[in-house]
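Heavy atoms only: backbone and side chains are in, while hydrogens, waters and symmetry mates are out.
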Amino acid sequence: MAERINPYIAGAPVTDPAMFFGREDVFAWIERNIAGQYADNTLVIHGQRRVGKTSVLKQLGHRLSSRYVPVFFDLQGRTHTTLDHFLWRLAREIARALRTRYGVELSKPELGPFSQDLEYFPGVFLAEVRQALGERNLVLVFDEFDSLEEPTAKEMLAGDLIPYFSRMLHGTEHLNFVFSIGSSGHKLEHMQADYTDFFRSALYKKISFLEPVQARQLIVEPVQGLMTYEPPAVARVLAVASGHPYFTQLTCHELFAQCERTGDWNIGVDDVEAVLPEVIERGTVNLKFVWDDATDPERYTLAALALLSGPVRKAEALAALRKYKVRISDEEVGAALLSLGSKDVLTDKNTFTVDLLRLWLLRNRPIERVVEELGEKHPIAVRYSQIAEEYREQGELDAALENYQRALSAAPDYIPVRLGIAEVHREAGRWEEVIAAYQAVLRLDAENVQAQTGLCDACITFGDTLQEAGDIVGAMACYRQVLDIYAEHTEAQERLADLDRVATVQRQLARSRERQELDDWYAEARYALSEGDHGKAAGLLHKVVDRDPEYRDAKQLLARAEAVAGKRKQRRGLRQLVTGLGVTGAIVGLVVVACLAVVVGWGLLNGWAPLIQTPTPTLTLTPTPTSTPTSTPTATPTPTPTDTPMPTDEPTPTSEATLAPTPTEPVPVLIEEPLGDGWTRYTQPAGGYSIELPETWVVYDMTDGEMVELMLRSADLDPVARSNIETMLESELIVFLLYGGSFSVAGDSPPVFVYVFKSDMFAGMDPNAYINQVRSIPDLVVVESSVIEINGIQAAYIVYDMEVSDGVGGVVRIRFVQVMIPTRETAFVITAATTVEDFGAYEDTFERIIDSFEVLE
């Protein structure tokens, strides 16, 4: 027989439409009221804890018409921040939800623009959303909106957010708002009083228990064909769970599990009674929340009502308490009954809205135990606690904390005192102290719901703070602590999943740093060898070999250093470049190589004799036809060596100018595909990429060795270039930086150069890190930088200016457009360049070239 899967959901919000029953009146109300005749309405749903508010909000995507695109955002743990960070987080969630649930692609929001301009969210980001959605409305759905009532949240965020949202409510097209607020503890009334203007025009809908018909559907329909309920069994489930969605699901979940154990799939009343102890045990976290949230008079009153059962008058409850010698007044009992009624704990007849709470109280908080716990056990601690509460209400947190500490000295195991201390620290925003205080409570009472809930909230908030400060490990530890308490905590799960990806990148960067350290040791050892300091070289190479015995030729160099210790060589000027190798040095070197490549290209365009006429065994130049020449050469020139460089006035491209390669180094194959619009796609299979260029451009396809050869032979005209190239060669920088590329010119237009480099050093690198490294290079003026997307890959985009040699003794100012595209195995760097004066004429051309770049599978 196939395994039967328990369909009932006990704990997490219901996201599966097949398991969501009832609430048709709520969805109809939302659909009917979300759009007004003259202006859209702000909608607020409210109700007590675990009554199903979050489940309703998460079902909006399935229940609203296609005109609306809901995006769910839980405010719990996200309110202890500033407005710019809040808007940035909201934008990230909108972009993620639209991408994963609706297939709408938006650029990933970065923090910078939100911090620089608070109007960036509605003016730029939401404008992009509106354009992507067309005529559909974005619906921002905020759960736990009453989190803004926390003192720190009110101070840091609410004062700015509420008026900000007020402007958006009345001034943004195709945008709707839906909020959820808890009803217990007068949260709704407090928010309405604090933010009168904001909530004045809002429409409200209370989420209460399921109607009997809906609750019966939730019990029976998920298991049709699997198990059967006898009518009295259904009636008993309805009675104990009272139509509360969570407790109904929990009771049925335990009944299903019992059927799996016994093999009997028919449910009778006796079966329901048999699982009630397990239901009460599993539901303790939520049943006990009422107890932990209650005052001492309310706890006495709850214990008395559980004992009496049935409808109870105030006088009867007071008489029961007097029987157990509880010192409580008539006024205190009356106030307790009113308060418990306002929290939806009691009905207007003083019966329990959820009968399971009465059963839990009889089992876990019988009146005899309550009298013993709350009696005169801690009179001094109680008095100091009362004084502390008075100070808290006046906002004097230091005085409140001082009195709580006095109470704690009198009664270290008195839990209300420790909870009060946690609340003081929370209101002051001292999150580490909040966490420590709640942990102390849980060591005394592992099931204290108030401490569990408070600890989860504190860990979420503190984790967010650590994340913003860059402490990813600390933030992940906070989120994991939440999951240790509540494994299905959605916000902690999502945050941890996001940070797992960040941690993966950080581990990659750590490995890169380790590799860089090896590179640094190796480079410094080679420098020491070049200086004749073989003892220092041996020490450094020992470190390299100890960490990675297969690193380059470190073993051979170590043997040589130890064999000829003391022998010196004269090699000055290498240290400045080589010592800085690694990722940072690689980026600096790449910029230098790009500049030198421009020098080489400029030399070719100016007809350098050493480059064009001196034979070389490795160089193959294959230009495409251009529109510039007016006549066809009659013969292919024969390259001849020359002692003195003799530049020509104008290079004349030929249909075939080939210098034979060596047999051991094959010429790379460059595949050309005319696109019919004046452009050609060039595919370099050996390099693993393709790119589009104007068909009139001259294209040179070279290996790294050929490009290096050209650079070295430019030395006769530029000694400084030769020195730099030799330095990079000795440091082996060019080996992993320069792959090959093309440089080109169209007719009589200014020189334009495009190169494609390939480097494993940048594999998986964060584009922002690349941009920051380029920005730190001296003598380089950054014009623009950002992170863009090239064919589905996040890439670094940066525009910078530098002065370079023109190859004939002059200096020109070149503008470079550079894009670094990291893949898992390697990285490609596209560099396009022309003079600063001519850049505007080629900007669109460069954009198409870069956008056309594709990494081959």
Side-chain angles (χ1 to χ4, degrees), residues 1-22 49-52 54-55 209-210 212-291 306 352 354-366 445-449 452 483-490 493:
M1 175 185 284
E3 181 183 4
R4 303 190 187 199
I5 305 300
N6 196 328
Y8 297 106
I9 302 168
V14 178
T15 57
D16 184 357
M19 279 303 298
F20 190 91
F21 295 90
R49 175 184 172 86
R50 286 292 189 180
V51 79
T54 301
S55 295
F209 298 165
L210 295 173
V213 172
Q214 298 168 344
R216 187 174 284 104
Q217 288 177 323
L218 176 57
I219 296 168
V220 175
E221 290 188 10
V223 291
Q224 282 184 342
L226 293 177
M227 56 190 287
T228 57
Y229 286 87
E230 296 176 1
V234 174
R236 183 57 178 153
V237 174
L238 291 173
V240 296
S242 309
H244 193 291
Y246 166 73
F247 292 114
T248 301
Q249 293 255 26
L250 179 60
T251 304
C252 294
H253 186 278
E254 293 305 313
L255 285 168
F256 191 98
Q258 177 175 269
C259 290
E260 287 184 310
R261 292 191 299 269
T262 63
D264 182 0
W265 294 90
N266 184 67
I267 304 296
V269 173
D270 292 342
D271 297 306
V272 177
E273 296 297 337
V275 300
L276 285 182
E278 187 66 24
V279 171
I280 293 170
E281 179 67 26
R282 285 203 58 189
T284 288
V285 170
N286 294 288
L287 294 167
K288 192 169 181 288
F289 181 85
V290 176
W291 183 262
F352 290 90
V354 178
D355 196 55
L356 279 173
L357 177 59
R358 180 184 65 83
L359 300 178
W360 181 87
L361 288 167
L362 290 174
R363 180 176 177 180
N364 296 282
R365 294 295 186 273
D445 179 6
E447 296 180 350
N448 190 287
V449 177
Q452 290 175 334
L483 296 179
D484 288 341
I485 299 171
Y486 178 35
E488 297 175 343
H489 197 288
T490 305
Q493 289 174 338

Q. So, Arg363 side chain and Pro277 main chain: donor-acceptor pair closer than 3.5 Å or not?
A. yes
Q. In chain order, what residues pass the salt bridge (Lys or Arg N to Asp or Glu O under 4.0 Å) check against Asp355, with sequence neighbours excluded?
A. Arg358
Q | Residues in salt bridge (Lys or Arg N to Asp or Glu O under 4.0 Å) contact with Asp270, at least two apart in sequence or another chain | A |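 So Asp270 forms no salt bridge (Lys or Arg N to Asp or Glu O under 4.0 Å) with any residue.
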Distance (rounded to the nearest 0.5 Å) between [X] [atom1] and [Y] [atom2]:
X      : Y      : atom1 : atom2 : value
Asp445 : Gln452 : CG    : CD    : 8.5 Å
Ile219 : Ile267 : CD1   : CD1   : 11.5 Å
Glu260 : Leu226 : CD    : CG    : 10.0 Å
Thr228 : Asn266 : OG1   : CG    : 3.5 Å
Leu287 : Leu361 : CG    : CG    : 8.5 Å
His244 : Leu250 : NE2   : CG    : 11.0 Å

Which pair of non-hydrogen atoms, one from [X] and one from [Y], has the smallest distance, and what is that distance?
X      : Y      : value
Val275 : Gln258 : CG1-OE1, 3.3 Å
Asn6   : Ala257 : ND2-N, 4.0 Å
Ala241 : Thr248 : CB-OG1, 3.4 Å
Leu255 : Asp271 : CD2-O, 3.6 Å
Leu238 : Pro212 : CD2-O, 4.3 Å
Ala233 : Val269 : N-CG2, 3.7 Å

(Q) Do Val290 and Trp360 have side chains that approach each other closer than 4.5 Å (heavy atoms only, starting at C-beta)? (A)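 Contact flag for Val290/Trp360 side chains = no.
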Q | Pairs where residues 230-258 contributes a residue and the test salt bridge (charged side-chain N to carboxylate O under 4.0 Å, His left out) is met, not counting sequence neighbours | A | Arg236-Glu273, Glu254-Arg282
**Q.** Plane angle bin for Phe256 and Tyr8 - parallel if under 30°, tilted between 30 and 60°, otherwise perpendicular
**A.** perpendicular
Q. Are Tyr229 and Trp265 close enough that their ring centers fall under 6.0 Å?
A. no
